[in-house]
Amino acid sequence: QVHLVESGGGLVQAEDSLRLSCAASGRTFSTLSGGWFRQGPGKEREFVASITRDSGLTLYSNSVKGRFTISKDNAKVYLQMNFVKPEDTAVYYCVADTLQVLNIKPNYWGQGTQVTVSS
């Protein structure tokens, strides 16, 4: 089993930048696809970004495309958040899978880290 732990969340102002990190235990991220979901207050959980296991190809939701960047190395998966908006306020969840491409229902989930964007 893989245990995921997010870090880097916090309170920031609109237009600021923030970098989330996710560490995996049990597996190196070189053998995992990874991604991020988020759930804002009173909202459904939504997909944010993903990165493939081997090729490192990335996919983003339209709401964050051009502002957020996902990346990974052997130790962690990251989410660089630039030009954040109040609507980015959410609990951000790191996800991972052993498959080449992240599935709709990833096998592994982190506990979440809170990101709050003030306006």
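Because the structure is a prediction, the values reported are computed rather than measured. FYI, side chains are in, hydrogens and waters are out, and symmetry mates aren't considered; it's all heavy atoms of this structure.
Atom CD1 of I70 sits about 7.5 Å away from atom OG1 of T58, to the nearest 0.5 Å. Annotation: the span from M81 atom CE to S17 atom OG amounts to 9.5 Å, rounded to 0.5 Å.
The side-chain heavy atoms of T89 and V115, taken from C-beta on, include no pair separated by under 4.5 Å. Using a 4.5 Å cut-off on side-chain heavy atoms (C-beta onward), R45 and V91 make no contact. When side chains are defined from C-beta on, Y92 does not count as touching Q39, because their heavy atoms never get closer than 4.5 Å. S118 is listed as a side-chain neighbour of Q13, based on a closest heavy-atom distance under 4.5 Å. Between V101 and R53 there is no side-chain heavy-atom pair separated by less than 4.5 Å. S119 is not listed as a side-chain neighbour of K85, based on a closest heavy-atom distance of 4.5 Å or more. Between E6 and Q111 there is a side-chain heavy-atom pair separated by less than 4.5 Å.
When each of I51, V48, V64 is checked for a side chain to side chain contact (heavy atoms under 4.5 Å, CB included) with W36, only V48 meets the rule.
Note: F47 and F37 have perpendicular aromatic rings, judged against thresholds of 30 and 60 degrees for the angle between ring planes.
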>> Using side chain to side chain donor-acceptor pair (under 3.5 Å), reason through S55 and T52 one step at a time and then give a plain yes or no.
In response: CA-CA 6 Å; S55 63; T52 59; 2.8 Å; yes
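Ion pairing between R38 and D88 holds under the 4.0 Å rule for side-chain N and carboxylate O.
The nearest pair of heavy atoms linking A75 to F29 is O-CD1, 3.8 Å.
Using a 4.5 Å cut-off between side-chain heavy atoms of Ile, Leu, Val, Met, Phe, Trp and Tyr, with links allowed through other members, V77 and L59 fall into different hydrophobic clusters.
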